[in-house]
Amino acid sequence: LDVAPGVHVDAEGDDVRSDSWFSRLAREVETMEGERDAKLQSGIALVRQLVGLGHNPIVFCRFIPTADYVAKHLRAALGASAEVISVTGTLAPAEREQRIAELGVHERRVLVATDCLSEGINLQEHFDAVVHYDLSWNPTRHEQREGRVDRY
């Protein structure tokens with residue numbers, strides 16, 4: 001096909017404005033949020049199981065909106081059984097460390113983070129499990145994430 005990027009061609013071969021196609025796509029994606037999101041529901045079940053077994057997991061996500069989305073739904077699903085926060089690259093490094101320290105005082109905790117925490121910070125004092133919500137094309141990224149809780 002020689003269709004320009006961002007253009008959708010309908011069944012009759014006519015170009016459809018990309019903004020209308022993207023708008024329809026966005027509306028369709030919104031209907032899959034929350035309970036209808038199979039990946040999210042599997043992630044919630046896994047984190048709930050880890051917390052139930054006494055673990056304090058970190059859930060690593062690739063993108064900031066994904067981390068905030070996952071944290072929001074984990075917070076609702078876990079309720080009072082665990083404190084859940086999201087730490088992303090939108091926070092300054094000092095603020096990231098402060099939020100992690102504040103989370104560390106809770107008996108049961110879940111940290112949802114982007115790769116801004118996958119290097120250069122030790123998290124093993126407060127966390128003991130890693131969930132890769134988004135898989136990276138590079139397996140070294142997974143090792144770096146896991147290295148935050150398994151330093152020895």
Side-chain angles (χ1 to χ4, degrees), residues 5-8 16-151:
V7 174
H8 176 71
V16 179
R17 289 183 44 116
S18 61
D19 60 342
S20 64
W21 180 75
F22 285 123
S23 295
R24 284 196 312 271
L25 180 62
R27 284 191 302 276
E28 186 177 331
V29 168
E30 285 175 357
T31 67
M32 297 177 206
E33 184 177 319
E35 290 183 12
R36 296 183 67 191
D37 183 341
K39 180 178 177 180
L40 175 68
Q41 293 308 312
S42 294
I44 289 172
L46 178 59
V47 170
R48 185 178 279 136
Q49 179 183 13
L50 287 169
V51 169
L53 292 171
H55 293 286
N56 295 301
I58 302 173
V59 180
F60 277 106
C61 301
R62 171 70 178 95
F63 299 104
I64 292 168
T66 305
D68 292 338
Y69 168 78
V70 170
K72 172 183 135 184
H73 288 280
L74 276 172
R75 206 173 289 116
L78 295 175
S81 66
E83 183 70 19
V84 179
I85 67 162
S86 174
V87 173
T88 67
T90 59
L91 302 172
E95 191 174 356
R96 294 175 202 163
E97 289 184 29
Q98 178 185 353
R99 292 193 70 190
I100 291 165
E102 290 170 359
L103 182 61
V105 303
H106 295 276
E107 183 178 345
R108 289 285 156 244
R109 54 198 164 269
V110 177
L111 172 63
V112 182
T114 59
D115 285 328
C116 71
L117 292 181
S118 68
E119 296 180 35
I121 185 167
N122 295 326
L123 300 170
Q124 74 274 8
E125 184 178 334
H126 302 299
F127 305 96
D128 56 9
V130 172
V131 174
H132 301 283
Y133 190 79
D134 297 317
L135 296 179
S136 172
W137 62 271
N138 183 350
T140 303
R141 175 65 61 197
H142 301 155
E143 291 177 15
Q144 289 171 330
R145 291 172 173 178
E146 293 161 6
R148 299 307 98 205
V149 300
D150 184 16
R151 304 298 292 162

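For the single chain, residues carry numbers from 1 onward in sequence order.
Side-chain contact between Leu40 and Tyr133: present, with at least one pair of heavy atoms (C-beta onward) separated by less than 4.5 Å. At a threshold of 4.5 Å between non-hydrogen side-chain atoms, the residues Glu28 and Arg24 do not count as touching. Taking the side chain as every heavy atom from C-beta outward, Ile58 and Val131 never approach each other to under 4.5 Å.
Applying the salt bridge (Lys or Arg N to Asp or Glu O under 4.0 Å) definition to pairs two or more places apart or across chains, those involving residues 32-59 are Glu33-Lys72, Lys39-Asp134.
Each of Val70, Val51, Val59, Leu78 was compared with Val84 under the side chain to side chain contact (heavy atoms under 4.5 Å, CB included) criterion, and only Leu78 meets it.
Side chains of Glu146 and His132: a donor on one and an acceptor on the other come within 3.5 Å. No donor-acceptor contact under 3.5 angstrom links the side chains of Asn138 and Ser136, judged on distance only.
Within the 3.5 Å criterion, the main-chain N or O of Ala82 finds no donor-acceptor partner in the side chain of Arg75. A donor-acceptor contact shorter than 3.5 Å links the side chain of Ser42 to the backbone of Ala38.
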Requested in this report: Determine, stepwise, if the pair Thr114 / Phe60 fulfils side-chain contact (heavy atoms from CB on, under 4.5 Å).
Outcome: CA-CA 5 Å; Thr114 59; Phe60 277 106; over 6 Å; no
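Here the CZ-CG distance, from Arg108 to Leu103, works out to 12.0 Å after rounding to the nearest 0.5 Å. From Glu83, atom CD reaches atom CG of Leu74 across 12.0 Å, with rounding to the nearest 0.5 Å. To the nearest 0.5 Å, the span separating CG on Leu111 from CG on Leu117 amounts to 6.0 Å. The CZ atom of Phe63 sits 15.5 Å away from atom OH of Tyr69, with the distance rounded to the nearest 0.5 Å. The CD1 atom of Ile85 sits 8.5 Å away from the NE2 atom of His106 when rounded to the nearest 0.5 Å. Atom CD1 of Ile100 is separated from atom CZ of Arg109 by 11.5 Å, given to the nearest 0.5 angstrom.
Smallest separation of non-hydrogen atoms from Val47 and Pro57: CG1-CG, 4.1 Å. In plain terms, the two heavy atoms of Cys116 and Thr88 that are nearest each other are SG-C, 3.4 Å. The shortest heavy-atom contact between Leu91 and Arg96 is O-NE, 2.9 Å. In this structure, Ala67 and Val112 approach most closely via the heavy-atom pair O-CG1, 3.4 Å.
When the shell of 6.0 Å around CD of Gln41 is examined, it contains more than 12 heavy atoms from other residues, nucleotides or ligands.
Salt-bridge annotation for Asp115 and Arg141: present, with a side-chain N of the basic residue lying under 4.0 Å from a carboxylate O of the acidic one.
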